[in-house]
Amino acid sequence: NAGVTQTPKFRVLKTGQSMTLLCAQDMNHEYMYWYRQDPGMGLRLIHYSVGEGTTAKGEVPDGYNVSRLKKQNFLLGLESAAPSQTSVYFCASSSPIRLSTPYNEQFFGPGTRLTVL
Amino acid sequence: KNEVEQSPQNLTAQEGEFITINCSYSVGISALHWLQQHPGGGIVSLFMLSSGKKKHGRLIATINIQEKHSSLHITASHPRDSAVYICAVTWTGNQFYFGTGTSLTVIP
């Protein structure tokens, strides 16, 4: 199993350009997440999804959009990139919490390093 | 919002030393997670715990629910342990709240 994969690994954009980051998981997980990691700050949740066709805002959603058309894929879009969106982006997935497993491990992708000039 | 504080921010140790990284949080949680981020960037889960203590190889994680505090210990540290160690808590649902990480360097 590949686990969680992200494409691309690196990208440089100019201010105002758009792009889409793709996250794919082969573990049949219901939940998927997009985080950004900035120096001196913990990982921060951008958007998440609890199932195919559903998305929700996290802590820092502004400037990003997401879609979950297929269970195994979670896309993160930047419509008009800004230098403040220069960051490392991580995707993660997990099984939902159930009574038998009240907390669950998140599995992370390798990250995408994005620079916006 | 659950605040997660880690200490120290940076740690340098000689190979073989016993290492402790601390994590404290502000409100009750359902679980606490310790994660390791390798120099190449990948993040892996080390432990999930809601009470007591867990051990895996040279790594030991403890949690004190009353004091809202957890520690990650590394015995007989090795240069390959050099990484960033991240504490995260889950409060309700599957959402994680992350600390800023502790950067560990183990010198041969």
Exercise. Going by atom types alone, do A:W34 and A:S49 pair a side-chain donor with an acceptor below 3.5 Å?
Worked result: no
Exercise. Below 4.0 angstrom, N of the basic side chain to O of the carboxylate: do A:D38 and A:R44 qualify?
Worked result: yes
Exercise. If you count heavy-atom pairs under 4.5 Å with chain A, which of B:L35, B:I43, B:T100 comes out on top?
Worked result: B:I43
Problem set entry | Ring-ring centroid check B:F96 B:H33, cutoff 6.0 Å | yes
Seminar exercise, completed: Applying a strict 4.5 Å limit to non-hydrogen atoms, the region of A:F107 in contact with chain B is neither
Seminar exercise, completed: Okay, A:L45 and chain B: the region with an atom under 4.5 Å from a heavy atom over there is side chain
Problem set entry | Aromatic ring pairing A:Y33/A:Y48, orientation class (parallel under 30°, perpendicular over 60°, tilted between) | parallel
